[in-house]
> 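Here it is, the structure, as structure tokens.
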Amino acid sequence: MTDFAATKAMFDLPPGVLYLDGNSLGPLPSAAPGRIANMLSDEWGQMLITGWNKAGWMAQPMALGDRVGRLIGAEPGHVVLGDTLSIKVYQALAAALALNPDRRVVLSDSGNFPSDLYMAQGLLSSLDKGQELRVVAPEDVADNITDDIAVLMLTEVDYGTGRWHDMADLTRRAHAAGVVTVWDLAHSAGAVPVDLAGAGADFAVGCTYKYLNGGPGAPAFIYVAPRHAGNALPALSGWLGHDSPFAFEQTYRPGTGVARMRVGTPPVIQMTALETALDIWDLADMADVRARSVELTDLFIRLIESACPMMALSSPRESDRRGSQVSFRFADGYAAMQALIARGVIGDFRAPDVMRFGFTPLYIDQDDVQAAAAIIIDVMTNRLWDRPEYRVRSAVT
Ligand SMILES: Cc1ncc(COP(=O)(O)O)c(C=O)c1O
Ligand SMILES: Nc1c(O)cccc1C(=O)C[C@H](N)C(=O)O
């Protein structure tokens with residue numbers, strides 16, 4: 001049984017803050033500053049370039065990949081870290097398309113994160129083979145898996161609404177129609193149980209700065225199913241994905257398995273931060289995390305809906321169709337969120353009118369949900385958000 005009081009004590013959260021935005025950026029593991037300071041002085045400072053071997057920096061992307069892999073049901077040795085999620089989306093989609101060269105359509109949904117759609121648009125236009133990105137409503141995906149589709153590219157849990165696709169069912173349908181799948185797990189990894197191997201997923205990607213708590217700019221990850229590992233092409237064929245980077249050959253030869261998806265130098269300081277977060281994840285059982293997440297999100301919905309009729313639930317009400325976030329629509333949602341942040345309840349706002357709250361059992365408990373809901377109810381029922389300073393938009397929301 002996961003000891004959530006113990007995991008909560010392993011994070012540094014500012015006093016007075018109720019943090020409901022770990023679905024966008026996880027908080028600081030208490031061990032991170034010390035571990036990073038040691039890494040800087042003992043490894044970078046003392047070992048200098050020999051740290052790549054002596055401190056194991058070069059092996060970290062695969063080693064940490066396995067630790068992330070445990071949380072997403074990946075086979076050991078089939079996840080590697082590196083780059084940003086947008087880059088990994090590009091690589092996974094390019095590799096998936098190359099496995100289905102006679103088809104022309106990439107199917108996605110309108111709930112996908114824009115960067116995934118942008119990367120697909122950029123990739124398809126550079127390939128210049130008349131390929132098309134077809135975007136349908138999330139609930140219409142299953143009916144649009146037809147035999148002209150090359151790749152089904154979906155974000156498993158919708159960043160805006162928290163709507164949760166059925167990966168096993170859609171993957172089964174995709175394979176029956178000869179379609180290769182790419183799953184973005186940005187809002188799934190550490191949020192919901194994921195079973196990539198069990199679902200038979202082809203490719204998956206995700207980030208480590210949200211529920212996994214690796215810190216701002218933490219590296220992304222990519223999974224390639226074992227059956228594709230020997231023939232998937234990385235598209236971005238950087239030297240660290242080469243079979244023998246230090247042979248400095250003139251011609252690219254892909255490395256073994258998912259290691260070929262590496263591109264360039266890994267972010268070592270950032271991976272050190274991520275290690276401290278994964279130490280906490282090692283104490284957690286994903287089934288316990290899910291059970292607690294459902295309790296927290298159900299409680300939050302009940303409390304808000306009982307007192308705030310002006311806020312319209314835009315997440316699925318049924319917990320088995322929802323990830324670990326709850327979203328409400330409210331026309332003045334931006335100002336309302338600024339007023340909440342000023343009172344220590346940190347969620348976020350997504351245009352045009354979504355107030356989004358993330359629930360992260362490693363450090364959020366029922367008391368936090370009760371306390372946050374009381375503040376939200378006060379702000380909303382007394383219109384405390386209706387002040388000019390709360391309408392001033394920041395660049396990052
Ligand atoms: C589903 C999804 N895909 C892609 C991205 C883009 O990730 P990055 O900025 O790390 O490239 C994000 C978040 O920013 C996301 O939530
Ligand atoms: N990656 C982010 C960033 O660099 C700045 C601000 C926010 C983010 C995010 O991750 C946004 C996030 N993908 C979302 O679901 O909205």
Side-chain angles (χ1 to χ4, degrees), residues 1-32 70-71 157 162 164 187-194 208-215 274 276-308 311 313 315-328 337 339-348 355-380:
M1 201 61 185
T2 306
D3 180 349
F4 288 112
T7 58
K8 183 171 186 168
M10 297 172 83
F11 288 95
D12 264 1
L13 281 156
V17 164
L18 295 161
Y19 193 59
L20 303 184
D21 212 0
N23 54 317
S24 197
L25 176 68
L28 177 70
S30 315
R70 180 185 77 82
L71 299 170
V157 175
W164 186 6
H187 300 264
S188 315
V192 295
V194 180
T208 61
Y209 48 73
K210 298 180 191 290
Y211 293 90
L212 297 184
N213 311 308
L274 175 60
T276 66
L278 293 174
D279 289 348
I280 306 174
W281 273 108
D282 285 348
L283 307 176
D285 181 298
M286 222 30 241
D288 297 339
V289 171
R290 175 62 184 164
R292 182 67 72 103
S293 155
V294 169
E295 278 170 26
L296 298 179
T297 51
D298 279 348
L299 171 65
F300 184 72
I301 292 172
R302 204 165 55 244
L303 292 170
I304 298 301
E305 286 198 319
S306 66
C308 298
M311 293 170 74
L313 184 68
S315 295
R317 188 173 300 284
E318 308 77 24
S319 58
D320 60 350
R321 292 184 47 232
R322 189 175 71 223
S324 204
Q325 70 175 68
V326 176
S327 301
F328 286 95
M337 189 54 76
L340 292 178
I341 292 170
R343 283 165 182 76
V345 177
I346 303 184
D348 61 27
M355 297 174 73
R356 191 173 70 154
F357 303 92
F359 295 85
T360 46
L362 290 191
Y363 53 88
I364 292 293
D365 58 27
Q366 296 222 358
D367 290 347
D368 296 323
V369 172
Q370 301 266 8
I375 293 170
I376 296 169
I377 291 167
D378 182 36
V379 165
M380 299 305 291

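Here the structure is a predicted model, which means the values were calculated and not measured.
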> Between K210 and Q325, is there a side-chain heavy-atom distance shorter than 4.5 Å?
no
> Can you name the nearest heavy-atom pair linking R292 to P361, along with the distance?
CG-CB, 3.4 Å
> Sequence neighbours left out, what passes side chain to side chain donor-acceptor pair (under 3.5 Å) with Q370? Give chain and number order.
none
> Can you sort out the partners of R302 under salt bridge (charged side-chain N to carboxylate O under 4.0 Å, His left out), two or more places apart, ordered by chain and number?
none
> Kindly indicate whether the side chain of E305, heavy atoms from C-beta on, has any atom under 4.5 Å from the side chain of F328.
yes
> How far does OG of S306 sit from CD1 of I301, to the nearest 0.5 angstrom?
12.0 Å
> Do the non-hydrogen side-chain atoms of D320 and V294 ever get within less than 4.5 Å of each other?
no
> Taking all atoms of both residues into account, what is the closest heavy-atom pair of T276 and A32, and its distance?
OG1-CB, 3.5 Å
> How about L362 and N213: do any of their side-chain heavy atoms sit closer than 4.5 Å?
yes
> Can you name the nearest heavy-atom pair linking I377 to L303, along with the distance?
CD1-O, 3.7 Å
> Could you tell me which non-hydrogen atom of P27 sits nearest to which non-hydrogen atom of P29, and how far apart they are?
O-CD, 3.3 Å
> Checking S315 now: which residues fulfil side chain to side chain donor-acceptor pair (under 3.5 Å) with it, not counting sequence neighbours?
none
> Please collect all side chain to side chain donor-acceptor pair (under 3.5 Å) contacts where either partner lies in residues 4-16, sequence neighbours excluded, each pair once.
K8-D365, K8-D368, D12-S30
> Can you list the residues that meet the side chain to side chain donor-acceptor pair (under 3.5 Å) rule with S24, with sequence neighbours excluded?
none
> Would you indicate whether the side-chain heavy atoms of I364 and V369 approach each other to under 4.5 Å?
yes
> How far apart are the closest heavy atoms of L274 and G214, and which atoms are they?
CD1-CA, 3.8 Å
> Tell me every residue that passes side-chain contact (heavy atoms from CB on, under 4.5 Å) with Q366, counting only those two or more places apart in sequence or in another chain.
E295, L296, L299
> What distance do S324 atom OG and H187 atom NE2 have between them, rounded to the nearest 0.5 Å?
12.0 Å
> Do I376 and M355 have side chains that approach each other closer than 4.5 Å (heavy atoms only, starting at C-beta)?
no
> So does P316 get a backbone contact from the side chain of R322, meaning a donor-acceptor N/O pair under 3.5 Å?
yes
> Among all residues two or more places apart in sequence or in another chain, which pass the side chain to side chain donor-acceptor pair (under 3.5 Å) test with T208?
none
> Any salt bridge (Lys or Arg N to Asp or Glu O under 4.0 Å) involving residues 339-348? Give me the pairs, sequence neighbours left out, ordered by first then second residue.
D348-R350, D348-R356
> Please identify each residue that fulfils ring-ring contact (aromatic ring centres under 6.0 Å, His included) with F300, with sequence neighbours left out.
F357, F359
> Who passes ring-ring contact (aromatic ring centres under 6.0 Å, His included) against Y19, sequence neighbours left out?
none
> Which atom pair, heavy atoms only, marks the closest approach of D298 to S319?
OD1-CB, 4.0 Å
> Please name all residues satisfying ring-ring contact (aromatic ring centres under 6.0 Å, His included) with F4, sequence neighbours left out, ordered by chain then number.
none
> Show the atom names and distances, to 0.1 Å, of all donor-acceptor pairs under 3.5 Å that link a side chain in residues 277-287 to residues at least two apart or in another chain.
residue	atom	partner	partner atom	Å
D279	OD1	R67	NH2	2.7
D279	OD2	R35	NH2	2.6
W281	NE1	Y211	O	3.3
D282	OD2	R67	NH2	2.7
D285	OD1	A287	N	2.8
D285	OD1	D288	N	3.4

